[in-house]
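Model, not experiment: these values are computed from the prediction.
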Amino acid sequence: MILSETDVATRVVRWQSSHGRNHLPWQQTRDPYRVWLSEIMLQQTQVSTVLGYYARFLERFPDVRALAAAPQDDVMALWSGLGYYSRARNLHRCAQTVVNEHGGKFPRSAQVLATLPGIGRSTAGAIAAFCFSERTPILDANVRRVLTRVLGFDADLALSRNERTLWLHAQSLLPSVDIDTAMPRYTQGLMDLGASLCTPRDPACPQCPLQTLCAAHREGEPERYPVRTRTLKRRSESWWLLVLQDPVGRVWLSRRPAVGIWAGLYCVPVFPLRSDVSVFLDGAGPISGQTMEEGAPFLHVLTHRDLHLHPFIVRQYGQAAPNDDGAWFTAAQFEALGLPAPIRKLLAGL
(Lines give C-alpha, C1' and ligand atoms only; values in the text may rest on other atoms or scores of the structure.)
Protein backbone atom coordinates (compact mmCIF):
# COMPACT_ATOMS: atom_id res chain seq x y z
CA MET A 1 0.00 0.00 0.00
CA ILE A 2 1.31 3.43 -0.95
CA LEU A 3 0.61 5.91 1.83
CA SER A 4 -0.11 9.58 1.29
CA GLU A 5 0.14 12.42 3.74
CA THR A 6 -3.65 12.76 3.50
CA ASP A 7 -4.13 9.18 4.71
CA VAL A 8 -1.76 9.42 7.66
CA ALA A 9 -1.86 13.09 8.66
CA THR A 10 -5.64 13.41 8.59
CA ARG A 11 -6.12 10.39 10.82
CA VAL A 12 -3.40 11.39 13.27
CA VAL A 13 -4.69 14.98 13.59
CA ARG A 14 -8.27 13.83 14.10
CA TRP A 15 -7.24 11.22 16.68
CA GLN A 16 -5.03 13.60 18.61
CA SER A 17 -7.75 16.19 18.99
CA SER A 18 -10.05 13.71 20.73
CA HIS A 19 -7.77 11.04 22.24
CA GLY A 20 -4.29 12.55 22.54
CA ARG A 21 -2.65 14.38 25.41
CA ASN A 22 -3.91 17.96 25.48
CA HIS A 23 -3.54 18.86 29.15
CA LEU A 24 0.22 19.14 29.69
CA PRO A 25 1.52 22.60 30.64
CA TRP A 26 3.89 22.94 27.70
CA GLN A 27 1.01 22.22 25.31
CA GLN A 28 -0.78 25.41 26.33
CA THR A 29 1.85 27.69 24.82
CA ARG A 30 3.73 28.49 21.64
CA ASP A 31 6.54 30.11 23.61
CA PRO A 32 9.68 28.41 22.20
CA TYR A 33 11.50 28.78 25.54
CA ARG A 34 8.88 26.71 27.35
CA VAL A 35 8.53 24.17 24.55
CA TRP A 36 12.31 23.80 24.28
CA LEU A 37 12.63 23.32 28.04
CA SER A 38 10.00 20.57 28.01
CA GLU A 39 11.54 18.82 24.99
CA ILE A 40 14.97 18.67 26.63
CA MET A 41 13.55 17.43 29.93
CA LEU A 42 11.42 14.78 28.22
CA GLN A 43 14.38 13.15 26.50
CA GLN A 44 14.50 9.62 27.99
CA THR A 45 12.42 10.80 30.95
CA GLN A 46 8.78 10.11 31.79
CA VAL A 47 6.20 12.90 31.71
CA SER A 48 5.24 12.28 35.35
CA THR A 49 8.83 12.92 36.44
CA VAL A 50 9.25 16.01 34.28
CA LEU A 51 6.15 17.87 35.50
CA GLY A 52 7.62 18.91 38.85
CA TYR A 53 11.02 19.86 37.44
CA TYR A 54 9.40 21.86 34.65
CA ALA A 55 7.38 23.94 37.10
CA ARG A 56 10.37 24.57 39.37
CA PHE A 57 12.58 25.59 36.45
CA LEU A 58 10.04 28.11 35.20
CA GLU A 59 9.63 29.54 38.68
CA ARG A 60 13.39 30.01 39.03
CA PHE A 61 14.16 30.82 35.37
CA PRO A 62 11.00 32.29 33.79
CA ASP A 63 12.64 33.11 30.47
CA VAL A 64 15.74 32.39 28.43
CA ARG A 65 17.57 35.48 29.66
CA ALA A 66 17.12 34.46 33.29
CA LEU A 67 18.48 31.00 32.53
CA ALA A 68 21.42 32.36 30.56
CA ALA A 69 22.39 34.73 33.38
CA ALA A 70 22.27 32.05 36.10
CA PRO A 71 25.45 30.37 37.42
CA GLN A 72 25.84 26.85 36.08
CA ASP A 73 25.84 25.45 39.60
CA ASP A 74 22.35 26.86 40.15
CA VAL A 75 21.13 25.15 36.99
CA MET A 76 22.75 21.84 37.92
CA ALA A 77 21.33 22.00 41.45
CA LEU A 78 17.80 22.47 40.14
CA TRP A 79 18.33 19.63 37.63
CA SER A 80 19.68 17.27 40.30
CA GLY A 81 17.83 13.96 40.25
CA LEU A 82 16.55 14.29 36.68
CA GLY A 83 19.56 12.43 35.29
CA TYR A 84 21.44 12.67 31.99
CA TYR A 85 23.23 15.75 33.29
CA SER A 86 24.78 16.70 29.97
CA ARG A 87 21.27 17.91 29.11
CA ALA A 88 21.48 20.51 31.89
CA ARG A 89 24.91 21.73 30.81
CA ASN A 90 23.74 22.03 27.21
CA LEU A 91 20.54 23.71 28.36
CA HIS A 92 22.59 26.43 30.02
CA ARG A 93 24.93 26.79 27.04
CA CYS A 94 22.00 26.93 24.64
CA ALA A 95 20.31 29.70 26.63
CA GLN A 96 23.53 31.73 26.56
CA THR A 97 23.86 31.18 22.80
CA VAL A 98 20.27 32.29 22.18
CA VAL A 99 20.87 35.46 24.21
CA ASN A 100 24.35 36.26 22.90
CA GLU A 101 23.96 35.28 19.24
CA HIS A 102 20.22 35.55 18.56
CA GLY A 103 19.18 38.52 20.65
CA GLY A 104 17.30 36.41 23.17
CA LYS A 105 14.90 34.99 20.56
CA PHE A 106 14.87 31.38 19.43
CA PRO A 107 15.38 30.89 15.68
CA ARG A 108 12.16 30.09 13.83
CA SER A 109 13.49 27.32 11.57
CA ALA A 110 14.41 23.75 12.50
CA GLN A 111 17.59 24.00 10.45
CA VAL A 112 18.94 26.87 12.54
CA LEU A 113 17.58 25.51 15.82
CA ALA A 114 19.58 22.32 15.23
CA THR A 115 22.82 24.34 15.35
CA LEU A 116 22.23 25.29 19.00
CA PRO A 117 23.91 23.33 21.83
CA GLY A 118 21.99 20.24 22.88
CA ILE A 119 19.32 20.53 20.17
CA GLY A 120 19.36 17.66 17.69
CA ARG A 121 17.36 17.42 14.49
CA SER A 122 14.28 15.86 16.08
CA THR A 123 14.12 18.32 18.98
CA ALA A 124 14.61 21.20 16.53
CA GLY A 125 11.74 19.86 14.43
CA ALA A 126 9.47 19.61 17.47
CA ILE A 127 10.15 23.21 18.54
CA ALA A 128 9.67 24.52 14.99
CA ALA A 129 6.46 22.54 14.48
CA PHE A 130 4.89 23.37 17.85
CA CYS A 131 5.85 27.03 18.01
CA PHE A 132 6.07 28.15 14.39
CA SER A 133 4.03 25.48 12.52
CA GLU A 134 6.99 24.75 10.28
CA ARG A 135 6.36 21.78 8.00
CA THR A 136 9.24 19.70 9.33
CA PRO A 137 9.38 16.13 10.70
CA ILE A 138 10.57 14.68 13.98
CA LEU A 139 11.97 11.22 14.69
CA ASP A 140 12.19 10.68 18.42
CA ALA A 141 11.97 7.09 19.69
CA ASN A 142 8.16 7.02 19.82
CA VAL A 143 7.70 8.52 16.37
CA ARG A 144 10.37 6.29 14.86
CA ARG A 145 8.50 3.26 16.17
CA VAL A 146 5.14 4.45 14.82
CA LEU A 147 6.45 5.28 11.36
CA THR A 148 8.57 2.16 10.85
CA ARG A 149 5.54 0.03 11.73
CA VAL A 150 3.09 1.93 9.56
CA LEU A 151 5.49 1.93 6.61
CA GLY A 152 6.82 -1.59 7.19
CA PHE A 153 10.26 0.01 7.14
CA ASP A 154 12.56 -2.89 8.03
CA ALA A 155 15.93 -1.41 7.03
CA ASP A 156 18.53 -1.45 9.81
CA LEU A 157 18.48 1.95 11.51
CA ALA A 158 21.94 1.30 12.90
CA LEU A 159 23.10 2.39 9.42
CA SER A 160 23.00 6.14 8.86
CA ARG A 161 21.83 5.84 5.25
CA ASN A 162 18.71 4.00 6.39
CA GLU A 163 18.06 6.62 9.05
CA ARG A 164 18.27 9.30 6.35
CA THR A 165 15.77 7.38 4.23
CA LEU A 166 13.33 7.22 7.12
CA TRP A 167 13.64 11.00 7.55
CA LEU A 168 12.59 11.37 3.90
CA HIS A 169 9.56 9.16 4.49
CA ALA A 170 8.67 11.20 7.57
CA GLN A 171 8.86 14.39 5.51
CA SER A 172 6.58 12.96 2.82
CA LEU A 173 3.80 12.20 5.34
CA LEU A 174 3.57 15.69 6.86
CA PRO A 175 0.28 17.62 6.61
CA SER A 176 -0.03 19.87 3.56
CA VAL A 177 -3.24 21.76 4.40
CA ASP A 178 -4.21 23.97 7.35
CA ILE A 179 -0.55 23.89 8.35
CA ASP A 180 -0.80 26.39 11.20
CA THR A 181 -3.17 24.14 13.13
CA ALA A 182 -2.28 20.75 11.70
CA MET A 183 1.50 20.72 12.23
CA PRO A 184 1.47 21.09 16.04
CA ARG A 185 -1.35 18.58 16.40
CA TYR A 186 0.15 16.06 13.96
CA THR A 187 3.54 16.23 15.67
CA GLN A 188 1.96 15.79 19.10
CA GLY A 189 -0.27 13.04 17.74
CA LEU A 190 2.63 10.90 16.57
CA MET A 191 4.29 11.31 19.98
CA ASP A 192 1.05 10.38 21.74
CA LEU A 193 0.49 7.30 19.58
CA GLY A 194 3.95 6.02 20.39
CA ALA A 195 3.53 6.69 24.09
CA SER A 196 0.02 5.28 24.53
CA LEU A 197 -0.89 2.78 21.79
CA CYS A 198 2.08 1.92 19.58
CA THR A 199 4.21 0.75 22.50
CA PRO A 200 7.36 -1.37 22.20
CA ARG A 201 5.54 -4.42 23.62
CA ASP A 202 1.90 -5.43 23.18
CA PRO A 203 0.79 -2.45 21.06
CA ALA A 204 -2.92 -1.66 21.23
CA CYS A 205 -3.52 -2.01 17.49
CA PRO A 206 -7.35 -2.18 17.66
CA GLN A 207 -7.47 1.35 19.12
CA CYS A 208 -4.94 2.84 16.67
CA PRO A 209 -6.26 5.24 14.01
CA LEU A 210 -3.58 3.96 11.61
CA GLN A 211 -4.38 0.26 12.00
CA THR A 212 -5.83 -0.23 8.51
CA LEU A 213 -2.83 1.53 6.96
CA CYS A 214 -0.18 -0.22 9.05
CA ALA A 215 2.08 -2.70 7.28
CA ALA A 216 3.35 -4.16 10.57
CA HIS A 217 -0.22 -4.89 11.68
CA ARG A 218 -1.00 -6.63 8.38
CA GLU A 219 2.14 -8.75 8.82
CA GLY A 220 1.16 -9.57 12.39
CA GLU A 221 4.60 -8.69 13.73
CA PRO A 222 4.57 -5.08 14.96
CA GLU A 223 7.08 -5.77 17.71
CA ARG A 224 9.87 -6.49 15.24
CA TYR A 225 9.93 -2.80 14.27
CA PRO A 226 12.01 -0.70 14.33
CA VAL A 227 15.02 -2.76 13.26
CA ARG A 228 18.32 -1.83 14.86
CA THR A 229 21.09 -4.42 15.10
CA ARG A 230 23.72 -2.43 16.97
CA THR A 231 23.05 -2.35 20.69
CA LEU A 232 25.12 -1.14 23.60
CA LYS A 233 26.09 -3.78 26.15
CA ARG A 234 25.34 -3.17 29.79
CA ARG A 235 28.28 -2.90 32.15
CA SER A 236 28.54 -3.20 35.90
CA GLU A 237 30.94 -1.26 38.08
CA SER A 238 31.56 -1.00 41.81
CA TRP A 239 32.34 2.41 43.28
CA TRP A 240 33.40 3.14 46.82
CA LEU A 241 32.04 6.45 48.07
CA LEU A 242 34.10 8.04 50.83
CA VAL A 243 31.93 10.38 52.89
CA LEU A 244 34.16 12.58 55.03
CA GLN A 245 32.41 14.61 57.71
CA ASP A 246 34.53 17.03 59.75
CA PRO A 247 34.04 17.78 63.48
CA VAL A 248 31.50 20.54 62.75
CA GLY A 249 29.45 18.37 60.41
CA ARG A 250 30.63 19.65 57.04
CA VAL A 251 31.10 17.22 54.15
CA TRP A 252 33.99 17.18 51.68
CA LEU A 253 32.83 17.54 48.06
CA SER A 254 34.62 18.19 44.80
CA ARG A 255 33.50 18.58 41.22
CA ARG A 256 33.58 15.52 38.99
CA PRO A 257 35.58 15.62 35.71
CA ALA A 258 33.99 17.42 32.75
CA VAL A 259 33.33 14.13 30.93
CA GLY A 260 32.01 10.78 32.09
CA ILE A 261 29.43 9.74 34.66
CA TRP A 262 28.06 12.65 36.71
CA ALA A 263 30.31 15.01 34.73
CA GLY A 264 30.57 18.46 36.28
CA LEU A 265 28.52 17.58 39.37
CA TYR A 266 29.73 17.76 42.96
CA CYS A 267 30.47 14.43 44.60
CA VAL A 268 32.21 12.77 47.51
CA PRO A 269 35.58 11.13 46.71
CA VAL A 270 35.13 7.99 44.60
CA PHE A 271 37.44 4.97 44.61
CA PRO A 272 37.32 1.92 42.35
CA LEU A 273 38.36 -0.52 45.12
CA ARG A 274 37.71 -0.95 48.83
CA SER A 275 41.45 -1.26 49.36
CA ASP A 276 41.95 2.22 47.85
CA VAL A 277 39.75 3.65 50.60
CA SER A 278 41.87 1.89 53.21
CA VAL A 279 45.09 3.21 51.68
CA PHE A 280 43.74 6.75 51.76
CA LEU A 281 42.59 6.54 55.36
CA ASP A 282 45.78 4.83 56.52
CA GLY A 283 47.78 7.62 54.94
CA ALA A 284 45.71 10.24 56.75
CA GLY A 285 46.31 8.56 60.11
CA PRO A 286 43.94 8.07 63.07
CA ILE A 287 42.51 10.84 65.19
CA SER A 288 40.78 10.78 68.58
CA GLY A 289 36.98 10.60 68.32
CA GLN A 290 36.92 9.64 64.66
CA THR A 291 34.42 6.93 63.71
CA MET A 292 34.20 4.82 60.56
CA GLU A 293 31.12 3.07 59.24
CA GLU A 294 30.51 1.03 56.14
CA GLY A 295 27.01 1.76 54.87
CA ALA A 296 24.82 -0.76 53.10
CA PRO A 297 25.73 -0.99 49.40
CA PHE A 298 23.03 -0.01 46.91
CA LEU A 299 22.46 -0.13 43.17
CA HIS A 300 22.14 2.92 40.92
CA VAL A 301 20.96 2.07 37.40
CA LEU A 302 22.04 4.16 34.42
CA THR A 303 21.02 3.67 30.80
CA HIS A 304 23.79 1.22 29.95
CA ARG A 305 25.54 0.76 33.25
CA ASP A 306 24.82 -0.58 36.72
CA LEU A 307 26.68 1.20 39.49
CA HIS A 308 27.08 -0.78 42.70
CA LEU A 309 27.75 1.95 45.25
CA HIS A 310 29.46 1.21 48.57
CA PRO A 311 29.39 4.13 51.02
CA PHE A 312 32.12 4.42 53.63
CA ILE A 313 31.36 7.12 56.18
CA VAL A 314 34.02 8.75 58.36
CA ARG A 315 32.73 11.12 61.03
CA GLN A 316 34.80 13.59 63.05
CA TYR A 317 37.38 13.60 60.26
CA GLY A 318 39.98 16.06 61.44
CA GLN A 319 42.95 15.39 59.18
CA ALA A 320 44.08 17.43 56.22
CA ALA A 321 41.51 17.68 53.45
CA PRO A 322 41.92 15.46 50.37
CA ASN A 323 44.09 16.96 47.67
CA ASP A 324 41.46 17.13 44.93
CA ASP A 325 40.48 20.81 44.67
CA GLY A 326 37.31 20.24 46.70
CA ALA A 327 35.99 22.04 49.75
CA TRP A 328 34.03 21.52 52.95
CA PHE A 329 30.30 22.22 52.64
CA THR A 330 27.58 22.54 55.24
CA ALA A 331 24.22 20.87 54.67
CA ALA A 332 22.68 24.20 53.67
CA GLN A 333 25.46 24.74 51.16
CA PHE A 334 25.51 21.32 49.52
CA GLU A 335 21.72 21.28 49.18
CA ALA A 336 22.14 24.14 46.69
CA LEU A 337 24.79 22.31 44.64
CA GLY A 338 24.34 20.08 41.62
CA LEU A 339 24.63 16.62 43.17
CA PRO A 340 23.91 13.21 41.60
CA ALA A 341 20.64 11.84 42.97
CA PRO A 342 22.22 8.92 44.91
CA ILE A 343 24.79 11.24 46.50
CA ARG A 344 22.09 13.71 47.52
CA LYS A 345 20.11 10.87 49.10
CA LEU A 346 23.20 9.52 50.84
CA LEU A 347 24.11 12.91 52.35
CA ALA A 348 20.51 13.55 53.40
CA GLY A 349 20.78 10.46 55.62
CA LEU A 350 23.78 11.75 57.56
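Using a 4.5 Å cut-off on side-chain heavy atoms (C-beta onward), F334 and L347 make contact. Residues Q245 and W252 fail the side-chain proximity criterion, which asks for heavy atoms closer than 4.5 Å.
Ring planes of W240 and H310: parallel class, angle under 30° (limits at 30 and 60°). Taking the six-membered ring for Trp and thresholds of 30 and 60 degrees, W15 and H19 have nearly parallel ring planes, at less than 30 degrees apart.
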Check the pair R145 / N142 against side-chain hydrogen bond (donor to acceptor under 3.5 Å, both in side chains), numbers first and verdict last. CA-CA 5 Å; R145 186 167 57 255; N142 282 335; 2.6 Å; yes

Kindly determine whether L241 and F271 satisfy side chain to side chain contact (heavy atoms under 4.5 Å, CB included), including the steps that lead there. CA-CA 7 Å; L241 309 174; F271 296 89; over 6 Å; no

Check step by step if side-chain hydrogen bond (donor to acceptor under 3.5 Å, both in side chains) holds for R121 and T136. CA-CA 10 Å; R121 182 177 178 181; T136 186; over 6 Å; no

In sequence, state the C-alpha distance, the side-chain angles, and the governing distance for S278 and R274, and then conclude on side-chain hydrogen bond (donor to acceptor under 3.5 Å, both in side chains). CA-CA 7 Å; S278 298; R274 169 66 177 80; 2.4 Å; yes

ring-ring contact (aromatic ring centres under 6.0 Å, His included), that's the test. Do F329 and Y266 meet it? Break it down for me. CA-CA 11 Å; F329 291 90; Y266 282 88; 5.7 Å; yes

Should F312 and E294 be marked as a side chain to side chain contact (heavy atoms under 4.5 Å, CB included) after you check the CA-CA gap, both sets of side-chain angles, and the distance that decides it? CA-CA 5 Å; F312 197 99; E294 288 198 43; 3.2 Å; yes

R315 and D246: salt bridge (charged side-chain N to carboxylate O under 4.0 Å, His left out), yes or no, with the steps? CA-CA 6 Å; R315 303 180 190 272; D246 73 2; over 6 Å; no

One pair to check against side chain to side chain contact (heavy atoms under 4.5 Å, CB included): L139 and W167. What are the steps and the verdict? CA-CA 7 Å; L139 269 186; W167 275 104; 3.6 Å; yes

Please evaluate residues H23 and R21 with respect to the criterion side chain to side chain contact (heavy atoms under 4.5 Å, CB included), reporting the C-alpha separation (whole Å), side-chain torsions for both, the decisive distance (0.1 Å), and the verdict. CA-CA 6 Å; H23 64 286; R21 295 176 291 191; 4.3 Å; yes

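A cation-pi arrangement is present between R56 and Y53, with the terminal nitrogen or guanidinium carbon under 6.0 Å from the aromatic centre and inside a 45° cone about the axis.
Note that CZ of F130 and OG1 of T187 are 5.5 Å apart. Values are rounded to the nearest 0.5 Å. With rounding to the nearest 0.5 Å, the separation of CG in L174 from CD1 in I179 is 8.0 Å. Distance check: T291 OG1 to Q316 CD gives 7.0 Å after rounding to the nearest 0.5 Å. Note: T49 OG1 to Q44 CD = 13.0 Å, rounded to the nearest 0.5 Å. To the nearest 0.5 Å, the span separating CG on L210 from OG1 on T212 amounts to 8.0 Å.
Crowding of E293 atom CD: a count of heavy atoms from other residues, nucleotides or ligands under 6.0 Å exceeding 12. Within 6.0 Å of CD on Q46 lie no more than 12 heavy atoms contributed by other residues, nucleotides or ligands. Within a 6.0 Å radius of CZ in R89, more than 12 heavy atoms belonging to other residues, nucleotides or ligands are found.
Residues V47 and V146 share a single hydrophobic cluster, defined by chaining ILVMFWY side chains whose heavy atoms lie under 4.5 Å apart. A single hydrophobic cluster is not seen to contain both V8 and Y225; linkage of ILVMFWY side chains at heavy-atom distances under 4.5 Å, directly or through other members, places them apart. Taking hydrophobic clusters as Ile, Leu, Val, Met, Phe, Trp and Tyr residues chained together by side-chain heavy-atom distances below 4.5 Å, Y84 does not share a cluster with M76. F280 and L273 are not part of a single hydrophobic cluster, where members link through side-chain heavy atoms under 4.5 Å apart. No continuous path of hydrophobic side-chain contacts links F132 to I119 [ILVMFWY only; heavy atoms under 4.5 Å].
The closest donor-acceptor contact from the side chain of N162 to the backbone of V227 lies at 3.5 Å or more, if one exists at all. A donor-acceptor contact shorter than 3.5 Å is absent between the side chain of Q188 and the backbone of Q16. Of the possible donor and acceptor atoms, none in the side chain of W36 sits under 3.5 Å from a partner among the backbone N and O of I40. Distance alone, capped at 3.5 Å, places no donor-acceptor pair between the R305 side chain and the S236 backbone. Judged purely by atom type and a 3.5 angstrom limit, Y85 uses its side chain to pair as donor or acceptor with the backbone of G81. Side-chain atoms of R256 do not come within 3.5 Å of backbone N or O of L265 as any donor-acceptor pair. Looking only at distances, a side-chain donor or acceptor of R135 sits under 3.5 Å from a matching main-chain atom of P175. Judged by distance alone, the side chain of Q27 and the main-chain N or O of L24 form a donor-acceptor pair under 3.5 Å. A distance-only check finds a donor-acceptor pair linking the side chain of N100 to the backbone of Q96 [under 3.5 Å]. A donor-acceptor contact shorter than 3.5 Å links the side chain of S38 to the backbone of V35.
Partner of V268 under the side-chain contact (heavy atoms from CB on, under 4.5 Å) criterion, chosen from L339, I313, L244, L253: L253.
If you check the side chains of S122 and D140, you find no donor sitting under 3.5 Å from an acceptor. In summary, the side chains of T10 and R14 do not present any donor paired with an acceptor at a separation below 3.5 Å, with no hydrogens or angles considered. If you check the side chains of R87 and N90, you find no donor sitting under 3.5 Å from an acceptor. R344 and S80 form a side-chain donor-acceptor contact under 3.5 Å, judged by distance and modelled atom types alone. One side chain, E237 or W239, offers a donor N or O that lies under 3.5 Å from an acceptor on the other. Judged purely by distance below 3.5 Å, without hydrogens or angles, the side chains of T330 and E335 never pair a donor atom with an acceptor atom. In summary, the side chains of R228 and T148 do not present any donor paired with an acceptor at a separation below 3.5 Å, with no hydrogens or angles considered.
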Indicate every side-chain donor-acceptor pair of residues 196-205 with a distance under 3.5 Å to a residue at least two apart or in another chain.
from	atom 1	to	atom 2	distance (Å)
S196	OG	D192	O	2.7
T199	OG1	R201	O	2.9

Would you list the atom pairs, donor with acceptor, under 3.5 Å between side chains in residues 103-115 and any protein atom, with sequence neighbours excluded?
from	atom 1	to	atom 2	distance (Å)
S109	OG	V112	N	3.2
T115	OG1	V112	O	2.6

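A salt bridge links E163 with R144; the closest basic N to acidic carboxylate O contact falls under 4.0 Å. Ionic pairing of D325 and R255 is not present here: no N-O contact between side-chain nitrogen and carboxylate oxygen is shorter than 4.0 angstrom. A salt bridge is defined here as a Lys NZ or Arg NE, NH1 or NH2 lying under 4.0 Å from an Asp or Glu carboxylate O, and R185 with D178 fails to meet this definition. In this structure, D180 pairs ionically with R30, as a charged nitrogen and a carboxylate oxygen lie closer than 4.0 Å. With respect to D306 and R235, no salt bridge is recorded, no charged nitrogen being found less than 4.0 Å from a carboxylate O.
Looking at every heavy atom in both residues, A66 comes nearest to F61 through O-CD2, 3.9 Å.
Residues forming a side-chain contact (heavy atoms from CB on, under 4.5 Å) with H300 (at least two apart in sequence, or on another chain): W262, L302, L307, L309, P342.
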